[in-house]
Protein chains: 2
Amino acid sequence: MRGIARLARELGVSTATVSRALNGNPNVNEATRQKVLEAAQRLGYAANQAARSLAQGVTRSVGFMIELDQESTTSTDYFFMGVVEGMQAVLAAHGLDLLVLPCAKSQDNFTFLQRFVSRGAVDGLILAETRRIDRRIDLLKSSGIPFVTLGRSDSGSGYSWIDLDFEGVMATAVERLVRHGHRRIAVTVPSNDANYGAIFAQAYRDNLARHGLGFDEALIFPTRRREDDGDSIVDGILDRPDPATAIILFYEVTAIGIYRRLAERGLEPGRDLSIIGFRGEESVRFLMPQVTCFQMSLQDLGTAAARALLAQMPMTARAFPSGIVQTRVPLSLVPGESDGPVCPREG
Amino acid sequence: MRGIARLARELGVSTATVSRALNGNPNVNEATRQKVLEAAQRLGYAANQAARSLAQGVTRSVGFMIELDQESTTSTDYFFMGVVEGMQAVLAAHGLDLLVLPCAKSQDNFTFLQRFVSRGAVDGLILAETRRIDRRIDLLKSSGIPFVTLGRSDSGSGYSWIDLDFEGVMATAVERLVRHGHRRIAVTVPSNDANYGAIFAQAYRDNLARHGLGFDEALIFPTRRREDDGDSIVDGILDRPDPATAIILFYEVTAIGIYRRLAERGLEPGRDLSIIGFRGEESVRFLMPQVTCFQMSLQDLGTAAARALLAQMPMTARAFPSGIVQTRVPLSLVPGESDGPVCPREG
DNA sequence: ACACCGATTGTAAGCGCTTACAATCGAGGG
DNA sequence: CCCTCGATTGTAAGCGCTTACAATCGGTGT
């Protein structure tokens with residue numbers, strides 16, 4: 001005999017009583033509860049997860065699905081850790097376990113997710129790296145499981161998401177540059193198919209328009225999260241009849257390559273080319289002159305996501321006001337010396 | 001009626017047959033199996049995880065416990081994606097799900113782990129960030145659950161671990177420096193209580209001794225994973241009667257601060273101070289002169305850990321040779337220009 | 001034609017826990 | 001002293017799936 005039955009026999013009570021005592025059911029004599037708790041503690045007993053889930057129809061755990069990139073870099077980790085920390089804290093406070101579910105880039109993320117959902121392995125889900133059109137969202141919506149996405153998509157709107165305020169960032173960046181007299185502003189965007197790339201690019205366009213600046217396809221540079229696009233970007237920006245005088249970077253590491261190329265050409269960041277980075281990234285923190293960038297709390301992003309999820313889970317929903325939440329987390333500008341007034345071109 | 005019963009009724013067979021068909025039991029008519037598979041596919045059926053686990057006494061999932069640091073300065077955080085990728089690939093190939101279990105630094109990691117173990121939430125565990133004396137290892141050993149640690153500990157020896165070959169790294173580094181004529185070699189070590197710090201320090205001592213070099217406590221600098229210890233290190237090394245001429249870094253980011261301080265003092269990395277980093281970190285890659293460092297595949301580390309775990313799980317053990325595995329993953333030297341022959345001191 | 005056998009399927013007993021419902025007990029009311 | 005009621009505990013029916021064991025069926029050997 002094992003599990004709860006053993007405990008029950010040991011104490012000379014029924015399994016029902018033990019179960020009640022352990023689960024905080026009020027219909028138990030307080031003295032009995034103490035006995036049970038003590039015995040459980042002493043024997044290191046904890047209810048079997050599977051049995052409990054089966055009986056209750058609830059797992060008390062939520063999944064955070066992430067995708068593993070071959071090129072995984074340290075600051076993906078950095079991003080990840082911060083966000084997870086925020087989520088974990090909130091969820092734990094409500095008695096929920098956070099299970100991070102890593103999906104290999106090589107396997108179909110839809111199928112991956114579907115397995116966890118249809119097997120009822122988690123009570124709720126948080127998705128990262130949302131695609132512009134993301135079948136996973138339809139899957140979750142139709143399955144009825146509570147979920148939240150980190151990042152918007154175009155797949156319908158009846159669901160909660162938390163995203164960075166790309167629009168706000170872009171507005172601030174462009175305005176700052178315009179105020180410095182820049183009229184030709186380049187931008188880098190991610191070359192993958194995640195939705196944030198499209199949003200970033202759109203915000204770029206919108207803000208140029210707002211300031212009456214012309215849009216030039218040639219000033220948009222798709223980049224990956226690595227520093228080695230600097231050459232082509234710098235050359236692409238400057239070696240043209242109407243060179244840009246500023247650039248806004250989606251991936252801040254790109255600044256490294258840009259700095260390097262500028263140096264090779266005898267130019268200086270902040271003077272000959274204004275540069276604004278997106279998110280203060282570790283590997284860029286040490287560049288001189290310091291990169292003007294935006295900053296945010298990863299933990300806050302995580303807690304916001306977790307709260308939005310809790311608001312949808314029957315178990316916890318009553319503690320939260322609104323059902324569906326769609327939030328853009330604002331970033332704050334961290335002024336550096338990588339941008340400044342337009343430098344009059346010589347020649 | 002739901003779940004397998006519904007499927008069974010739909011097909012006019014018993015639940016037993018459906019179960020068998022779905023689980024690859026050979027005692028099913030192939031035609032029947034196809035029918036079942038087809039129907040399951042069509043109805044999007046997947047066996048309820050909890051029920052299945054309860055019936056089988058097995059979850060088909062393994063946990064990877066990581067710790068979340070407020071300041072994200074642990075080693076796990078720039079390890080994570082790569083290692084998880086390796087693990088996930090191996091585990092998935094054996095039909096196991098990888099659940100990453102994040103434990104807040106603020107909560108007791110022993111209790112955290114215990115819950116998952118005693119609730120039978122996973123069939124196996126991988127631990128990261130092993131302490132020198134780690135109660136978790138005793139817990140896992142006594143609980144009988146298969147497990148592997150990423151990093152050694154002093155807590156007994158009857159278990160599998162995978163670790164970096166700190167000794168090999170240190171031997172190579174010291175030998176390289178000695179060959180360059182260095183006799184006074186400093187080192188940085190992590191300031192936390194993870195076991196790798198002690199190992200690194202010990203290997204340092206051993207290798208000095210091997211080359212007949214004296215050991216000087218003053219040349220050991222505890223550091224965190226951030227760049228700003230450079231000043232105190234550089235000054236501490238040089239402003240003394242018998243300055244060191246080389247330094248080996250545990251956290252490679254320290255190089256950034258060191259480079260900066262050296263520059264301030266009009267000194268040059270590689271000439272005035274030889275620097276060898278431990279693991280090629282992204283944020284250091286762009287330093288000039290390039291930092292001589294060591295490199296490894298995080299994926300390989302992950303696959304090694306996963307394999308070592310599989311070797312202990314009854315389900316998969318037969319596919320693997322040895323039971324207990326204790327491996328040191330070697331790193332390879334990536335020569336840069338941050339180290340070289342001792343530069344004769346002027347004055 | 002009959003016992004026997006392998007292939008296939010059905011029956012039903014759990015897996016360990018929760019929980020609706022029944023049972024018990026002592027106290028207070030009439 | 002009997003009845004009612006609240007507090008507490010026990011009984012037992014599942015939760016959805018697996019699997020030992022029994023049952024069925026067509027084919028074989030003799």
Side-chain angles (χ1 to χ4, degrees), chain A residues 1-37 39-40 43-61 95 115-123 314-315, chain B residues 1-37 39-40 43-61 95 115-123 314-315:
Chain A
M1 197 178 308
R2 50 180 9 204
I4 205 175
R6 167 136 168 280
L7 234 191
R9 191 163 45 102
E10 189 105 359
L11 291 163
V13 298
S14 71
T15 61
T17 299
V18 174
S19 174
R20 281 190 281 251
L22 256 24
N23 290 312
N25 185 311
N27 298 330
V28 185
N29 183 293
E30 196 50 40
T32 310
R33 183 195 306 285
Q34 288 313 323
K35 273 196 326 197
V36 173
L37 256 32
L43 277 62
Y45 170 82
N48 176 284
Q49 178 74 71
R52 179 182 249 255
S53 296
L54 181 57
Q56 292 190 141
V58 150
T59 65
R60 295 191 166 278
S61 69
R115 271 197 31 240
F116 283 96
V117 173
S118 59
R119 290 164 35 169
V122 291
D123 294 343
M315 208 186 308
Chain B
M1 196 177 310
R2 51 180 8 205
I4 205 175
R6 165 136 170 279
L7 235 192
R9 191 162 46 104
E10 189 104 0
L11 291 164
V13 299
S14 71
T15 62
T17 299
V18 173
S19 174
R20 281 190 281 253
L22 255 24
N23 291 311
N25 184 312
N27 298 330
V28 185
N29 184 293
E30 196 50 40
T32 310
R33 182 193 308 284
Q34 288 313 324
K35 272 196 326 196
V36 172
L37 256 32
L43 276 62
Y45 170 82
N48 175 284
Q49 177 74 71
R52 179 183 250 254
S53 295
L54 182 56
Q56 293 190 139
V58 150
T59 66
R60 295 191 167 277
S61 69
R115 272 196 30 239
F116 283 95
V117 172
S118 59
R119 290 163 36 167
V122 291
D123 294 344
M315 208 185 307

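Hydrogens, waters and symmetry mates play no part in the numbers below; they use all other heavy atoms, side chains included. A note on names: the letters A, B, ... follow the listed sequences, proteins ahead of strands, and every chain is numbered from 1.
With distances taken from any side-chain atom of A:Asn27 to the nucleotides C:dT19, D:dT8, D:dT18, the minimum falls on D:dT8. Closest to the B:Thr15 side chain, of the nucleotides C:dT9, C:dT19, C:dA12, is C:dA12.
Side-chain atoms of B:Arg115 never come within 3.5 Å of backbone atoms of B:Ala121 as a donor-acceptor pair (strictly under, hydrogens ignored). The backbone N or O of B:Thr59 lies less than 3.5 Å from a partner atom in the side chain of B:Asp123, making a donor-acceptor pair. A donor-acceptor pair under 3.5 Å is formed between the side chain of A:Ser53 and the backbone N or O of A:Gln49.
Using a 4.0 Å heavy-atom distance criterion, B:Val28 is classed as a sugar-phosphate-only contact. Among the heavy atoms of the strands lying under 4.0 Å from B:Ser19 is at least one base atom, whether or not backbone atoms are also near. Residue contacts shown for B:Val13 are limited to sugar-phosphate atoms, with no base heavy atom under 4.0 Å away. Contacts of A:Gly3 with the nucleic acid, taken as non-hydrogen atoms under 4.0 Å apart, involve only primed sugar atoms and P, OP1 or OP2.
Under the 3.5 Å distance criterion, with hydrogens and angles disregarded, a donor-acceptor pair is assigned to the side chains of B:Asn23 and B:Arg52.
Taking 4.0 angstrom as the limit, B:Asn25 places none of its side-chain polar atoms (N or O) nearer than this to OP1 or OP2 of D:dT19. Within the structure, every side-chain polar atom (N or O) of A:Thr32 is placed at least 4.0 Å from both OP1 and OP2 of D:dT8.
The C1' atoms of five pairs define one axis at each end of the helix from C:dA1-D:dT30 to C:dG30-D:dC1, and these two axes lie 50° apart (to 10°).
One atom, CZ of A:Arg6, and another, C1' of C:dC17, lie 16 Å apart when rounded to the nearest Å. As a whole-Å value, the separation of B:Arg2 CZ from D:dC15 P is 10 Å. Rounding to whole angstrom units, CG of residue B:Leu7 and P of C:dG10 are separated by 14 Å. A straight line from CG of A:Asn29 to P of C:dG26 spans 14 Å, rounded to a whole angstrom. Between B:Ile4 atom CD1 and D:dG16 atom P the separation is 12 Å, expressed in whole Å. Computed from coordinates, the B:Arg60 CZ to D:dT18 P distance equals 10 Å when rounded to whole Å.
Nearest heavy-atom pair across B:Ala21 and B:Leu37 is O-CD1, 4.1 Å. Nearest heavy atoms, B:Thr15 versus B:Ala5: CG2-CA, 3.9 Å. Among all heavy-atom pairs drawn from B:Gly44 and A:Ser118, the shortest one is O-CB, 4.0 Å.
Between B:Arg33 and B:Val36 the shortest side-chain heavy-atom distance does not fall below 4.5 Å.
The local environment of CZ in A:Arg119 is crowded, with over 12 non-hydrogen atoms from other residues, nucleotides or ligands closer than 6.0 Å.
Positionally, the nearest nucleotide of DNA chain C for B:Ser14 lies more toward the 5' end than for the other of B:Gln56 and B:Ser14. Residue whose closest nucleotide on DNA chain C sits further toward the 5' end, between B:Ala16 and A:Asn23: B:Ala16.
Within the model, atoms CD1 of B:Ile4 and CZ of B:Arg6 stand 13.0 Å from one another, a figure rounded to the nearest 0.5 Å.
Listed by residue number, B:Tyr45, B:Ala47, B:Asn48, B:Ala51, B:Arg52 are the residues of residues 45-54 of chain B with a heavy-atom contact under 4.0 Å to DNA chain D.
Within 3.5 Å, a donor on the side chain of B:Arg20 pairs with an acceptor on the base of C:dG10, or the reverse.
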